There are 2 protein chains.
Amino acid sequence: MANRPTLKTIADRVGVTVSAVSLALRDDPRISRATRERIQQAAEALGYVYNRHAAGLRRGDSGTVAVCLNDLSNPFFTEFLGHMEARFREADRMMLFCHAHETPSIQARFIRQMAEHGAAGLILVPVAGTTREDLDGPQVRHLRDFPLVLISRDVADTGFDRVINDDELGIRLLFDHLHDAGHRRFAWLGGGGDTSTARDRERSFRQRMEAAGLPVAAETIHHGPTSLAFGDAMLERLLALPTPPTAIVCFSDIIAFGVLAACYRHGLRPGVDLSVTGFDDMGAAAYSAPALTSVRVRTDVIGQRASELLLARMAGDRHPPVREVVPPELVVRASSGPPPASLVETPG
Amino acid sequence: MANRPTLKTIADRVGVTVSAVSLALRDDPRISRATRERIQQAAEALGYVYNRHAAGLRRGDSGTVAVCLNDLSNPFFTEFLGHMEARFREADRMMLFCHAHETPSIQARFIRQMAEHGAAGLILVPVAGTTREDLDGPQVRHLRDFPLVLISRDVADTGFDRVINDDELGIRLLFDHLHDAGHRRFAWLGGGGDTSTARDRERSFRQRMEAAGLPVAAETIHHGPTSLAFGDAMLERLLALPTPPTAIVCFSDIIAFGVLAACYRHGLRPGVDLSVTGFDDMGAAAYSAPALTSVRVRTDVIGQRASELLLARMAGDRHPPVREVVPPELVVRASSGPPPASLVETPG
DNA sequence: CGCATTGGTTCAATCGATTGAACTGTGTAA
DNA sequence: TTACACAGTTCAATCGATTGAACCAATGCG
């Protein structure tokens with residue numbers, strides 16, 4: 001800030017008023033060509049930097065949007081960030097960024113501060129446990145009619161736009177792939193957090209199990225953090241069961257990678273000795289050892305749609321809140337295959 | 001922005017002036033307890049949101065810092081982001097974020113725009129090819145005396161603070177570990193970008209080779225992007241050589257993961273049949289298959305130091321520019337070991 | 001009683017840019 | 001010659017908050 005030149009500085013140097021400078025720098029035809037050029041040269045020479053917030057104060061838009069992610073250590077979410085960043089750059093908007101770290105208080109604070117900073121809109125991957133109250137309650141009155149789009153995770157009854165993955169479809173594709181390959185003994189390594197994603201994926205898994213006439217026993221479902229360590233540790237526990245599963249369905253790629261690491265240590269060949277699947281299909285899934293069967297969540301589509309919706313809202317669009325559900329795709333790779341022949345239950 | 005309440009709104013409701021409201025909301029003792037409370041309640045009731053930029057206009061600091069990363073898809077850099085975000089949150093500063101995508105024009109644009117948005121400081125991981133000119137030339141006159149800290153990658157002679165990893169030390173630790181284990185046939189899979197990191201690591205590698213009396217042949221050094229695909233593809237080429245290397249030293253973990261993936265497909269056991277090492281030691285390195293020997297770059301230390309330096313500069317510190325070099329640590333895991341017995345050259 | 005003090009509040013200028021209205025001087029038409 | 005249009009520029013209010021100075025009333029002191 002160290003006393004940078006302002007419109008006044010330029011005006012004094014050229015010998016006109018700030019109004020003339022303001023108009024000239026924005027190429028307003030009201031200022032003559034000659035004067036305009038003198039002004040623009042002076043600005044250049046002085047190293048003038050436009051003050052967007054002073055302008056925004058008058059005009060009513062600071063030109064920023066806010067983005068709040070729950071977890072930066074998960075590349076899945078940074079993929080979103082990348083896609084949105086690109087779209088907002090196109091729209092000439094800067095991004096105010098927050099890493100909420102799955103912590104409600106950090107998220108709450110950001111929701112206040114981004115408003116104080118004049119953000120014109122907010123894209124939010126709500127942290128686990130986010131309630132309707134948090135986005136709609138008396139503490140956040142300023143969010144009323146505020147352009148806000150939720151992505152990836154849903155929060156019911158908030159009246160905001162949402163763009164989310166079709167988790168039900170994803171799990172169905174995955175389960176059917178495994179079931180068709182002959183698997184009957186499944187384990188679910190699930191997101192422990194209180195998120196729509198964790199709930200929806202697990203519910204779908206249970207539904208598919210039921211539909212296939214398979215029992216969902218206590219040792220079928222396991223909850224834990226979305227971390228490599230969790231997947232790694234869980235494989236050990238699953239192997240210790242009297243009848244270990246032949247297919248391990250993981251809530252996310254991250255967990256699956258942990259399982260693959262443990263498999264490697266045990267000399268187990270995923271895709272041959274047992275099947276392991278992820279969910280999200282982040283970039284690394286194609287290069288794990290072995291490559292991971294997963295469900296490709298369209299972070300590009302979701303990120304772009306969310307950006308579009310937000311920009312539309314910021315432009316004054318007043319349509320009723322939408323809930324867009326983006327279909328994912330099954331990506332079969334080496335980590336899944338038929339169960340080992342010795343373990344296939346012969347009918348009768 | 002949709003006509004939110006302002007100080008005036010509150011003032012009218014309570015029956016005082018905006019000055020009184022301004023003072024009251026900041027708990028100034030000049031306003032009586034009674035009035036202060038009435039004002040604060042009214043603010044609460046109206047859902048008032050502080051306008052930091054209007055205030056900043058008067059006070060001269062908008063409360064934001066800018067952060068520009070070269071590559072978001074590399075978790076190594078998001079680790080930095082996480083550490084800095086935490087520090088800036090503590091300091092009550094919001095982050096204006098940019099993903100430069102290794103693209104100079106995007107970086108240049110951000111350097112201008114963050115200034116327009118009144119950022120009080122900038123942390124930059126310069127994109128490949130960034131020159132002294134880009135940070136010090138006539139196009140960026142506003143960066144003169146601007147609080148700016150470079151991290152991870154250095155740009156010479158710019159007069160800015162820098163916090164970087166000791167790449168020379170890192171490579172030395174890695175090389176000596178492999179050499180001591182008996183390896184004599186090395187390959188280098190290097191960063192193709194024009195960055196100090198790529199240069200310093202490769203130079204160190206060459207120096208150690210020379211010091212060990214080993215020839216650096218054409219098939220020893222290979223350049224390519226920092227991607228899984230590059231590492232994956234390179235293993236194929238290295239295996240096709242008449243005398244393949246026994247140790248593959250990768251510029252970064254990302255490349256090494258690609259190599260591991262290819263090894264898996266070929267049935268090669270890293271750490272047994274050949275050794276593979278990474279650099280950065282990002283979180284996933286402990287959970288690859290097998291776990292990756294790497295050099296732990298202290299993203300936490302670097303991120304924190306950079307934040308501290310920046311905050312100090314923003315507070316008016318005028319010390320001459322510093323260049324802090326943070327020592328990394330060797331982390332030996334399963335992906336490296338002695339060369340296969342059959343390949344160890346017997347002396348004489 | 002008169003004057004100074006103090007507590008509580010308002011006044012008014014300010015930060016940097018924007019913009020509708022007003023002004024100035026030139027050229028053209030009546 | 002007067003009136004009028006018009007191009008080019010300036011005036012002045014405005015956005016929302018801050019702050020040193022001014023103001024006013026009530027109290028304290030001599």
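What you see is a predicted model; the values in this text were computed from it and never measured. By convention in this document, chain letters (A, B, ...) are assigned in the order of the sequence lines, proteins followed by strands, and residues within each chain are numbered from 1.
- Remark: A:Thr35 is not in phosphate contact with D:dG8, judged by side-chain N or O atoms under 4.0 Å from OP1 or OP2.
- The pair A:Glu102-A:Arg153 meets the salt-bridge criterion, since a charged nitrogen lies less than 4.0 angstrom from a carboxylate oxygen.
- A salt bridge is defined here as a Lys NZ or Arg NE, NH1 or NH2 lying under 4.0 Å from an Asp or Glu carboxylate O, and A:Asp61 with A:Arg93 meets this definition.
- Atom NZ of A:Lys8 is separated from atom C1' of D:dT10 by 14 Å (rounded to the nearest Å).
- By the 6.0 Å contact criterion, NE2 on A:His142 is enclosed, its count of non-hydrogen atoms from other residues, nucleotides or ligands being greater than 12.
- As a whole-Å value, the separation of A:Glu116 CD from D:dG16 P is 15 Å.
- Ionic pairing of B:Asp28 and B:Arg30 is present here: one or more N-O contacts between side-chain nitrogen and carboxylate oxygen are shorter than 4.0 angstrom.
- Between C:dA17 and A:Ser22, no contact under 4.0 Å exists linking OP1 or OP2 to a side-chain N or O.
- A:Leu57 places its CG atom 9 Å from the C1' atom of D:dT14, with the value rounded to the nearest Å.
- With respect to the salt-bridge test (charged N to carboxylate O, under 4.0 angstrom), the residues A:Glu308 and A:Arg87 qualify.
- The distance from atom CG of A:Asp12 to atom C1' of C:dG16 is 13 Å, rounded to the nearest whole Å.
- OP1 or OP2 of C:dT18 has at least one side-chain nitrogen or oxygen of A:Arg26 nearer than 4.0 Å.
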Checklist entry - Which is it for B:Val322 and B:Leu309 under the side-chain contact (heavy atoms from CB on, under 4.5 Å) test, yes or no, and what are the steps along the way? => result CA-CA 9 Å; B:Val322 301; B:Leu309 280 172; 3.8 Å; yes
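- When the C1' atoms of four end pairs are superposed on the next four at each end of the helix from C:dC1-D:dG30 to C:dA30-D:dT1, using five pairs per end, the two resulting axes differ in direction by 70°, to 10°.
- As judged by a 4.0 angstrom heavy-atom cut-off over every strand, A:Val21 is placed among residues making no nucleic acid contact.
- Look at CD1 on B:Ile39: it is 13 Å from P on C:dG8, rounded to the nearest Å.
- Residue contacts shown for B:Arg30 include a base, since a base heavy atom lies under 4.0 Å away.
- Between D:dT10, C:dA17, C:dT10, one nucleotide has an atom nearer to the side chain of A:Thr6 than all others, and that is C:dA17.
- Straight-line distance from the CG atom of B:Leu25 to the P atom of D:dA17: 9 Å, rounded to whole Å.
- Contact annotation: A:Arg58 side-chain N/O to C:dT19 OP1/OP2 distance is not under 4.0 Å.
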Checklist entry - side chain to side chain donor-acceptor pair (under 3.5 Å) between A:Gln113 and B:Asp92: does it pass, once the steps are laid out? => result CA-CA 9 Å; A:Gln113 296 201 342; B:Asp92 213 26; 3.1 Å; yes
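- The CG-P distance, from B:Asp61 to D:dA17, rounds to 17 Å in whole Å.
- One interatomic measurement links the two molecules: CG of A:Asp28 to P of D:dT10, which rounds to 14 Å at whole-angstrom precision.
- Residues A:Asp154 and A:Arg162 are paired through a salt bridge, judged by an N-O separation under 4.0 Å between the basic side chain and the carboxylate.
- Take the nearest nucleotide of DNA chain C for B:Leu23 and for A:Arg52: the residue whose nucleotide is more 5' is B:Leu23.
- Here the nucleotide nearest the side chain of B:Arg59, chosen from D:dT18, D:dT10, C:dC15, is D:dT18.
- Heavy-atom nearest nucleotides on DNA chain D were determined for A:Ile31 and for B:Ala55, and the one closer to the 5' end corresponds to A:Ile31.
- Among the atoms of the strands shown, only primed sugar atoms or phosphate atoms (P, OP1, OP2) are found under 4.0 Å from some heavy atom of A:Ser32.
- Applying the 4.0 Å criterion to OP1 and OP2 of D:dA17, one finds that B:Ser19 has every side-chain N and O outside that range.
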